[in-house]
Amino acid sequence: MSGSVLYDAPGPRAKRLDNILNWTFSATFVAVGAWIMWSWYQRGIFDDRWQVLWDPPKGQTGLDVWWSLGQGLLRTLEAAAIAAPIALVIGGAIAIIRRGAQSRLLSGPAAVTTELARGLPVLMLMFLAKLVFGWEPLWSVVFGLVVYNAAVVAEILRAGLAALPKGQREAGLSIGLSPMRTTLLIELPQAVRIMLPALVSQIVVLLKDTSLGYIVAYPELLRTIKSNRDFFGDRYLIPLFLVGAIIYILINLVVSRMATTVERRIRERGAGEAEPPEIGPTGPIPQSGVGGPAREEGAHAGDPLFGRGRPASTQVPTRDLRPGDVEEQRRLVEREERRREEQRHQWEKWDRFNPRRDNDEDDEK
Amino acid sequence: METFISEFGTIWGAFLATLSLTALSGVLSLVLGTVLATMRVSPVGPLRSFGTAYVEIVRNTPLTLMFFFWVFVAPSFGILFPELGFWPAVVALTVYTSAFVCEALRSGINSVGIGQAEAARSIGLTFGQTLSQIVLPQAWRTAVPPLISVLIALTKNTSVAAGFAFTELVAIQQRLTNAHPSDGLFIFFGIALMYLVITIPLGLAAGQIERKVAFAR
């Protein structure tokens with residue numbers, strides 16, 4: 001809490017003052033609240049208008065009202081559920097292009113487009129889709145949400161990629177991956193993990209922005225509330241609005257809470273990783289490999305503890321033969337043998353210093 | 001293109017409308033946001049709770065819902081505006097943006113070194129003096145970049161007023177595009193330019209102010 005920096009632990013006098021202030025402000029809030037309630041009561045806010053939620057007029061049942069609100073909520077969630085994955089994928093693609101592409105021909109326009117898309121109101125993009133392209137309201141809403149949020153996601157991921165240690169990229173390039181594959185396989189997974197909280201908060205923004213569909217005539221939750229009001233009359237607006245507001249706020253609070261949880265979990269896991277496991281002179285080997293079953297082999301390849309006792313003929317991941325591959329393979333096998341030799345040598349040296357060897361051998365069995 | 005030029009008078013009027021809406025609600029939400037931030041760091045429990053509740057609720061409310069409240073719901077509660085359009089928009093944007101201003105300022109306050117507040121207290125300043133003389137002036141400086149992004153977001157958010165009977169740039173975009181469907185793309189980029197005319201100087205000003213008020217830590 002930042003407050004504790006600004007004031008001392010209260011002494012007897014300050015405690016008395018605090019008490020007085022606490023009571024004064026509490027009383028003021030209660031009084032203001034009571035006054036507002038009273039004036040509302042005078043205006044008849046608490047009359048039978050709330051019955052619209054269980055026993056509405058005009059021959060409708062409470063179920064009808066809730067059914068229509070549920071439909072509206074579903075359409076809100078539908079727009080978000082369509083837009084969010086597309087925005088994430090496109091945003092990711094832009095971030096990868098800007099990071100991995102060597103030519104300015106690709107990354108330059110990508111940069112300009114993201115800057116432009118971030119600087120425009122979402123509503124303007126929705127109107128562009130609706131009036132100029134002539135799209136359905138749902139797709140106009142999705143278009144606006146996708147263009148804006150993809151740009152923001154691209155920016156978030158760009159920041160995440162920029163925050164990674166340089167060694168990650170260098171390592172990827174030095175094992176012979178192309179710049180694009182380095183970004184895709186090594187940097188992006190880490191960037192996504194760092195920026196996961198920011199990405200989840202962006203999803204909250206997207207969810208909130210679906211309500212702009214109200215203006216482009218997409219029948220989402222707010223529009224449903226409006227049409228219910230138009231049907232039942234202005235008197236019944238307050239209960240309907242309150243229900244809608246509570247639904248919106250609850251959903252967003254739940255997703256925001258998820259962001260906090262994810263953030264905490266990442267920090268906990270990150271703290272766990274900060275303590276490297278003791279596995280030998282080469283230190284911990286990062287688990288981010290090229291994927292597939294070869295990963296285990298690759299991860300432990302340089303590891304004298306776990307690498308020891310493996311069959312001598314380590315299978316190199318195969319692909320279709322190309323000219324020159326036979327030679328390449330022979331060279332690989334030779335290199336592998338040489339490496340094993342060195343490893344054995346290293347292991348013998350390590351042996352002398354490692355008192356835990358016996359235990360570890362048991363593990364290996 | 002022709003439409004954009006022939007209708008430039010209308011667009012200019014809409015631009016001024018957007019600008020005045022941004023400026024007025026920007027100033028008001030800076031004031032209200034500062035008050036809220038003070039509440040959130042104050043030693044008085046009820047004020048802190050009020051500030052926290054306000055920020056949590058407003059930040060999780062869609063802006064459209066906020067506009068809807070002030071335009072359609074508030075009259076039922078007896079809150080009437082002299083005219084529809086400008087003033088409900090100012091109130092909705094101020095209430096909405098001040099929560100974000102509060103958060104930007106609060107993160108600024110958190111970034112002020114502990115020693116500053118301790119020094120202020122040790123020379124006998126009260127909470128109010130510590131905050132207004134020592135902490136807030138420094139918090140403002142740290143908070144300038146996030147505050148400017150809040151203002152840029154506010155500029156874009158004024159567009160929601162188009163859906164609630166206020167004629168600003170997006171409302172004009174809608175009207176002109178409906179009138180001249182074939183010119184839609186030109187109108188879009190023209191209006192986009194108008195927004196950039198507001199947001200780009202804001203961004204540049206952010207850089208300037210940042211450099212000007214920068215202080216050694």
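From a predicted model like this one, the values you see are computed outputs, not experimental measurements. Chain naming here is simple, since letters A, B, ... match the order of the sequence lines and numbering starts at 1 in each.
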Q.
Counting only heavy atoms not in A/Phe231 (residues, nucleotides, ligands), do more than 12 fall under 6.0 Å from its CZ?
A. yes
Q: Please examine the side chains of A/Asp209 and B/Pro62, heavy atoms only from C-beta on, and report whether any two atoms are closer than 4.5 Å.
A: no
Q.
What's the separation between atom OG in B/Ser159 and atom CD1 in A/Ile215, rounded to the nearest 0.5 Å?
A. 7.0 Å
Q: Tell me the residues of residues 120-146 of chain A whose non-hydrogen atoms fall below 4.5 Å from those of chain B, in number order.
A: A/Leu120, A/Pro121, A/Leu123, A/Met124, A/Leu125, A/Phe127, A/Leu128, A/Leu131, A/Val132
Q. Where on B/Ile191 is there a heavy atom nearer than 4.5 Å to chain A: the side chain, the backbone, both, or neither?
A. both
Q. So how far is it from A/Trp40 CH2 to B/Phe77 CZ, rounded to the nearest 0.5 Å?
A. 4.0 Å
Enumerate donor-acceptor pairs with a distance under 3.5 Å from any side-chain N or O in residues 193-202 of chain B to protein atoms, sequence neighbours excluded.
unit_1, atom_1, unit_2, atom_2, d
B/Tyr195, OH, B/Glu168, OE1, 3.4
B/Thr199, OG1, B/Tyr195, O, 3.1

Q.
Heavy-atom pairs under 4.5 Å with chain A: which of B/Pro181, B/Gly163, B/Ser76, B/Pro46 has the most?
A. B/Pro46
Q | chain A contact via B/Thr177 - which portion, at a heavy-atom distance below 4.5 Å | A | side chain
(Q) For B/Phe189, is the CZ atom crowded, meaning more than 12 foreign heavy atoms sit under 6.0 Å from it? (A) no
Q.
A/Glu78: which residues meet the salt bridge (Lys or Arg N to Asp or Glu O under 4.0 Å) condition with it, sequence neighbours left out?
A. none
Q) Judged by atom type as modelled, is there a donor-acceptor pair below 3.5 Å linking the side chain of B/Asn60 to the main-chain atoms of A/Leu250? A) no
Q: Could you pull out the closest heavy-atom pair between B/Phe72 and A/Leu237, with the gap in Å?
A: O-CD2, 3.4 Å
Q. Rounded to the nearest 0.5 Å, how far apart are OG1 of B/Thr126 and CG of A/Leu17?
A. 10.5 Å
**Q.** Interface moiety of A/Arg229 toward chain B, non-hydrogen atoms closer than 4.5 Å
**A.** side chain
Q: Could you tell me whether the side chain of A/Tyr148 reaches within less than 4.5 Å of the side chain of B/Lys156, counting heavy atoms only?
A: yes
Q) Do you know which two heavy atoms are closest between B/Leu65 and A/Ala245, and how far apart they sit? A) CD2-CA, 3.7 Å
Q. Taking atom CD1 of A/Ile249 and atom CZ of B/Arg59, what is their separation to the nearest 0.5 Å?
A. 13.0 Å
Q: Could you tell me which portion of A/Leu116 (side chain, backbone, both or neither) has an atom closer than 4.5 angstrom to a non-hydrogen atom of chain B?
A: side chain
Q. Donor-acceptor pair, A/Lys226 side chain versus B/Phe68 backbone, under 3.5 Å?
A. no
**Q.** Contact class of A/Tyr248 relative to chain B, heavy atoms under 4.5 angstrom
**A.** both
Q: Could you look at A/Ser256 and say if it's the side chain, the backbone, both or neither that has a heavy atom under 4.5 Å from chain B?
A: side chain
Q | A/Leu212 side, atom CG; B/Thr64 side, atom OG1 - distance, nearest 0.5 Å | A | 4.0 Å
Q) Quick one: ring-ring contact (aromatic ring centres under 6.0 Å, His included) pairs with a partner in residues 142-181 of chain B, sequence neighbours left out? A) A/Tyr214-B/Phe164, B/Phe67-B/Phe164, B/Phe86-B/Phe166
